[in-house]
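Read through the structure below, which is laid out as structure tokens, and then see the notes.
Index from 1, following the sequence. Any value given below was found using the heavy atoms of this structure, including those in side chains, with hydrogens, waters and symmetry copies removed.
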Amino acid sequence: MTGIDVPRVPDLSKQAPPPSSELTLSCATPTANVFRWMIVLTATLVVTPMMWLGIPLGHDLDFQMPGWMEAADQLRHGIVFHRWSAATNHGFGEPFFIFYPLLSRMIGAILGLLLPWRMVPAVYVWMVVILAGAVMWKCAQEWLPPSGALVAALLYATNPYLMLTVYKRCAYAELLAIALFPALVWGGIRIAKYPRQTVLPLSLLFAVLWITDLPGAVVASYMLAGLLVLGSWFHRSFRPILYGAVAILSGFGASAFFLLPAAWERRWINIAEATKFQWAPEHNFLFSRGNLPQYATFNRGLSVFAIVVIVVTAGAAVLARRLRRDYPAEWRLLVALATASIFMMLPPSLALYRILPELRFIQFPWRWLTPLCVAGALLTAAAMAEARRQ
């Protein structure tokens, strides 16, 4: 017919697909819902022994729980930003809340107001393990297919260091930092290609880590700096360093309400106690024997777990050929992250602990297992996806 304009339907088959960073699963898809429930089920299995056997009496339990209870008591009295712990030292108190990051203790205190205290550690661990799996799942979709991202999430949510932190150490603040580490690795790698879209979430993640766990935040800071420098080198661009510096400075600014008082009031305490003999890095490298008997015994057991993670990560790095082909810079950054983490757990790195600012305050070099487990989970999931395709 003449005189009538018929609208043309665009040919969707010829349109360019969205970039890989936008290929995320919709919240309404059945596959995404199944994956979420698998992460929840995994977290439930992690805390099942606590339901039957009770809360494990780990190293830091008698340190964490009184802090949560004191924080909950101050919340009842309307004190939201805690500064002074009045119940310690036989009523004389101490400036505990000034120097101990507030995020994990606030979560524990709120749970204590809602639940019986005997249930709080298990519920806290359950929530954090779900968070660890969900964060890794979301971040791994940047480089892996959906099923591979799920494998990475499940591997990370049950990695040996996380389980050791839950059942042997009860270091609940560090556990929360472990859950957030994959997002920091994601931001440190992704900022080279998408700097403007990544700088804001990276700065927020950096700030949250500094109000979560101080030793973990020190590890995260040096890890992020290394990723930014290597990313600039691999991509032949200064953008990762420039935008990363903006993210780091913004993160410090966002957490200044906690960091500045703690830094100014360090004169109130003997900070050298944090790195005395049994907590000094030189006495806590892998398979180190020059420490108190209980620390040396724990170190030997942990070192065995570390060797397993190192061997699996090294094998996965070799077998993840498709990841190396499709994302060469990202593969190299993950391998470099794993290599640096291994080096920092061994005695030859002692000079760095003595030279670099505040690095000694991570106390235990095996805390570098956290970034190693992030790289190991991603590389192992990529290698398993490669084997499945073949």
Query raised in the report: Would the number of heavy atoms belonging to other residues, nucleotides or ligands and lying under 6.0 Å from CH2 of Trp233 be above 12?
Result: no

Report task. Scan side-chain atoms only and decide if Arg169 and Tyr161 contain a donor-acceptor pair under the 3.5 Å cut-off. Result -> yes

Query - Verdict with reasoning, Phe257 to Phe81, per side chain to side chain contact (heavy atoms under 4.5 Å, CB included) - result: CA-CA 10 Å; Phe257 72 95; Phe81 189 46; 4.1 Å; yes

Report task. Mind telling me whether Tyr124 and Trp68 have parallel, tilted or perpendicular rings, with 30° and 60° as the class edges? Result -> tilted

Query raised in the report: Between Gln64 and Tyr100, is any side-chain donor less than 3.5 angstrom from a side-chain acceptor?
Result: yes

Query raised in the report: Does any N or O in the side chain of Ser232 come within less than 3.5 Å of the main-chain N or O of Ile241, such that one atom is a donor and the other an acceptor?
Result: yes

Query - Pairs meeting criterion ring-ring contact (aromatic ring centres under 6.0 Å, His included) with involvement of residues 369-390, two or more places apart - result: none

Query raised in the report: For Leu114, does the CG atom have more than 12 heavy-atom neighbours from other residues, nucleotides or ligands under 6.0 Å away?
Result: yes

Query raised in the report: Are a donor atom and an acceptor atom from the side chains of Asn291 and Asn284 found within less than 3.5 Å of each other?
Result: yes

Report task. Using a strict 4.0 Å threshold on nitrogen-to-oxygen distance, state whether Arg367 and Glu174 make a salt bridge. Result -> yes

**Report entry** Ring geometry between Phe35 and Trp137 (parallel below 30°, tilted from 30 to 60°, perpendicular above 60°)
**Finding:** perpendicular

Query raised in the report: What do you reckon, is CZ of Arg196 surrounded by more than 12 foreign heavy atoms closer than 6.0 Å?
Result: no

Requested in this report: For the pair Phe252 and Trp210, name the ring-plane relationship: parallel under 30°, tilted 30 to 60°, perpendicular over 60°.
Outcome: tilted

Query - Pairwise side-chain contact, Met136 with Val374, heavy-atom cut-off 4.5 Å (strictly under) - result: yes

Requested in this report: Find out whether Leu337 and Met223 are in side-chain contact, i.e. whether some heavy atom of one side chain is under 4.5 Å from a heavy atom of the other.
Outcome: yes

Query raised in the report: Quick one: are Met344 and Tyr353 in side-chain contact, heavy atoms under 4.5 Å?
Result: yes

Report task. Would you please name every residue forming a side chain to side chain contact (heavy atoms under 4.5 Å, CB included) with Leu162, sequence neighbours left out? Result -> Val129, Ala132, Asn159, Val166, Leu175, Ile178

**Report entry** Met50 atom CE, neighbour heavy-atom count above 12 within 6.0 Å
**Finding:** yes

Report task. With side chain to side chain contact (heavy atoms under 4.5 Å, CB included) as the test, would you mind laying out the steps for Ser250 and Val246 before giving the verdict? Result -> CA-CA 6 Å; Ser250 301; Val246 171; 4.1 Å; yes

Query raised in the report: Under a 4.0 Å N-O cut-off, is there an ion pair linking Glu358 with Arg266?
Result: yes

Query raised in the report: Do Glu330 and Arg324 sit within salt-bridge range, that is, some charged N less than 4.0 Å from a carboxylate O?
Result: no

Requested in this report: For the pair Asp213 (side chain) and Ala177 (backbone), establish whether a donor and an acceptor sit closer than 3.5 Å, ignoring hydrogens and angles.
Outcome: no

Query raised in the report: Taking atom CZ of Phe305 as the centre, does the number of heavy atoms from other residues, nucleotides or ligands within less than 6.0 Å exceed 12?
Result: no

Query raised in the report: Any side-chain heavy-atom pair from Arg325 and Arg322 closer than 4.5 angstrom?
Result: yes

Query raised in the report: Is the centre of the His283 ring less than 6.0 Å from the centre of the Tyr295 ring?
Result: no

